[in-house]
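First comes the structure, then the notes that go with it.
From a predicted model like this one, the values you see are computed outputs, not experimental measurements. As the structure lists them, so they are numbered: ligands from 1, and atoms in each ligand from 1.
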Amino acid sequence: MTVDSRLPNFRALEPAQRLNEIVDKAGLSADERALLAESGALPLETANGMIENVIGKFELPYAVAGYFQINGRDVLVPMVVEEPSVVAAASYMAKLIRESGGFQTSSTGPLMRAQVQIMGLADPFGARHALLNKRQEIIDIANSRDKVLIGLGGGCRDIEVHVFPETPRGPMVVMHLIVDVRDAMGANTVNTMAEAVASRVEAITGGKVRLRILSNLADLRLARARVQVSAAQLDSKDYSGHEVINGIVDAYTFAAVDPYRAATHNKGIMNGIDPVIIATGNDWRAVEAGAHAYACRNGSYTSLTTWEISASGDLVGTIEMPMPVGLVGGATKTHPLARLSLKIMQTTSAQDLAEVAVAVGLAQNMGALRALATEGIQRGHMALHARNIAIAAGAKGRDIDRVVRTMVAAKDVRVDFAVKILEEGK
Ligand SMILES: CC(C)(COP(=O)([O-])OP(=O)([O-])OC[C@H]1O[C@@H](n2cnc3c(N)ncnc32)[C@H](O)[C@@H]1OP(=O)([O-])[O-])[C@@H](O)C(=O)NCCC(=O)NCCSC(=O)C[C@@](C)(O)CC(=O)[O-]
Ligand SMILES: NC(=O)C1=CN([C@@H]2O[C@H](COP(=O)(O)OP(=O)(O)OC[C@H]3O[C@@H](n4cnc5c(N)ncnc54)[C@H](OP(=O)(O)O)[C@@H]3O)[C@@H](O)[C@H]2O)C=CC1
């Protein structure tokens, strides 16, 4: 089914009307509509089976970002997030980007690393060679533990052996299992394999195996997105497209050279990515850990995106980062809304989901840099945040809009001011 991801006037609708539009566009059933319409999509019994000591459920807003076109395919993007202006900015940039050809994405295969730590070795380099000599045997032991994955075309592909000759605890050898986890995030899968090979690794090396756990620096499982936007597309009444492009590239350069700025820049990227990860029931801590570790892979923490000016004067943006996400495993099949999110996105593989996630991250970064390099973040962000502030100050019903209008007009979005406006209106 082909989807039209454009959502003109969507913001002016009531939530139920927006839902009807998504139901029509994504071809959802009446039952699926009901899951999104009512609270209680996650039954308490299911929640109780997911984590420990459950006493209830915690809800977050579920939104859909529009206008995304990825490799020529329109994609409606579910986003679960508490922060205002994130969904608006992603949609806005996707709208501009689609006029310039949309997002081009690609990804590596779904390869994860598991680490096996070996201590108590006098000859770490000799141990490395001993392990590499037994490479196929180790791979076979790992693969004997997951017939389902092997049947799906995945499995342990290779080993690497890293030597740390001097540590405060003596020499340390770390063997990596490189595992194709197909459509799973793969943590449990690779952990099982790492534990399975441990005793053989001890026998081969004569050392003592300690940790057997995946690495969240999933640098063999990368997703990438690229956009090219013309200056004409970025023209506005206050700023020329040329100025906007130069402002974005200066903003990127700041993040590229200064870790203090890079942390905020990358937070802006994760503003787009985390909501997609959460909406699909994936492990956002794993994605966050991988993102920030990858951002300092060359020794200094830096930007996950690049922004340049092409020979023809267009803005060219790219992102490349680890994206360990799955369509099976973890909570992806347990949480009913996670499955529904995949249906709305029409995502059929973990790689496809990974590519959508980084495309949203790139759009989000562009939205923040565009605002920061021109009018500043406060106008767009605070205007949308004003609703939160009005509600926090105690406004209800029609008072919310009145308080928001007054705060935005006064360019003063603060709880104490909101309280004052409320009291004056009584
Ligand atoms: C907020 C905007 C988009 C307003 O921008 P605007 O120029 O007022 O937008 P517009 O009214 O011209 O609308 C353009 C499009 O934006 C979308 N849009 C616009 N408003 C809405 C809305 N209410 N609800 C839903 N969608 C909205 C919508 O797609 C719309 O097109 P339409 O569909 O209407 O034809 C802009 O100011 C912006 O992009 N700002 C950046 C916001 C941002 O980055 N927020 C993240 C939070 S701040 C942060 O945490 C990260 C940061 C900034 O520190 C990262 C960093 O430092 O790098
Ligand atoms: N550091 C970290 O990030 C850690 C994260 N975690 C958690 O691990 C969970 C994710 O682990 P994960 O291994 O993905 O989950 P699961 O173990 O739940 O699921 C993976 C398993 O699903 C089966 N499977 C069925 N269909 C497929 C398919 N198409 N592709 C791949 N596998 C398939 C496979 O075999 P089979 O049926 O035989 O199981 C596979 O081993 C998350 O909840 C995460 O939070 C856990 C530990 C550490």
(request) Identify the protein heavy atom lying closest to atom 2 (C) of ligand 2, giving its residue, its atom name and the separation to 0.1 Å. (result) Leu214 CD2, 3.4 Å
(message) Measuring from non-hydrogen atoms of Gly186 to any atom of ligand 2, is the shortest distance under 4.0 Å?
(response) yes
(request) Do me a favour and list the nearest non-hydrogen protein atom to atom 43 (C) of ligand 1 with residue, atom name and distance? (result) Ser85 OG, 3.6 Å
(message) Minimum heavy-atom separation for Pro275 and Val81, please, with both atom names.
(response) CG-CB, 3.6 Å
(message) For the residue pair Gln115 / Ser215, report whether a side-chain donor-acceptor contact shorter than 3.5 Å exists.
(response) no
(request) Name the closest protein heavy atom to atom 21 (C) of ligand 1, giving the residue it belongs to and the distance to 0.1 Å. (result) Ala88 CB, 3.5 Å
(request) Considering heavy atoms of the protein only, find what lies nearest to atom 17 (O) of ligand 2 and give residue, atom and distance to 0.1 Å. (result) Asn188 CB, 3.2 Å
(message) Considering Lys95, Arg11, Arg6 one by one, which has a heavy atom nearer to atom 13 (O) of ligand 1 than any of the others?
(response) Arg11
(request) Kindly indicate, with the supporting measurements, whether the criterion salt bridge (charged side-chain N to carboxylate O under 4.0 Å, His left out) is fulfilled by Asp399 and Arg402. (result) CA-CA 5 Å; Asp399 272 343; Arg402 183 174 63 80; 3.2 Å; yes
(message) Can you report which non-hydrogen protein atom sits closest to atom 33 (O) of ligand 1, along with the distance?
(response) Tyr67 OH, 2.7 Å
(message) Heavy-atom distances under 4.0 Å decide this one: backbone, side chain, both or neither, for Thr192 against ligand 2?
(response) neither
(message) Looking only at protein heavy atoms, which one is nearest to atom 57 (O) of ligand 1, and what is the separation?
(response) Arg261 NH1, 2.8 Å
(message) When you compare ligand 1 with Asn271, is there at least one nitrogen or oxygen pair between them that comes in under 3.5 angstrom?
(response) yes
(request) Going by heavy-atom distance to atom 12 (O) of ligand 1, choose the closest among Phe254, Phe10, Tyr92, Tyr252. (result) Tyr92
(request) Could you tell me whether Leu327 approaches ligand 2 through its side chain, its backbone, both or neither, with non-hydrogen atoms closer than 4.0 Å? (result) neither
(request) Write out the residue and atom name of the closest protein heavy atom to atom 35 (O) of ligand 2, then the distance separating them to 0.1 Å. (result) Asp146 OD1, 3.0 Å
(request) Indicate yes or no: does Asp352 engage Arg73 in a salt bridge with an N to O separation below 4.0 Å. (result) yes
(message) Protein non-hydrogen atoms only, distance under 4.0 Å: does atom 2 (C) of ligand 1 have such a neighbour?
(response) no
(message) Taking 4.0 angstrom as the limit and counting only heavy atoms of Gly268, give me the atoms of ligand 1 inside it, by number and element.
(response) 55 (C)
(message) I'd like to check whether Met185 has a polar contact with ligand 2, where a contact means an N/O of the residue lying under 3.5 Å from an N/O of the ligand.
(response) yes
(message) For atom 53 (C) of ligand 1, what is the closest protein heavy atom, and at what distance to 0.1 Å?
(response) Ile377 CD1, 3.5 Å
(request) Just need the protein heavy atom nearest to atom 26 (N) of ligand 2, so name the residue and atom and give the distance. (result) Leu152 CD1, 3.5 Å
(message) Quick check on Arg379 - does any of its heavy atoms sit under 4.0 Å from an atom of ligand 1?
(response) yes
(message) Under 4.0 Å, heavy-atom basis, I'd like to know which part of Asp183 is in contact with ligand 2: side chain, backbone, both or neither.
(response) both
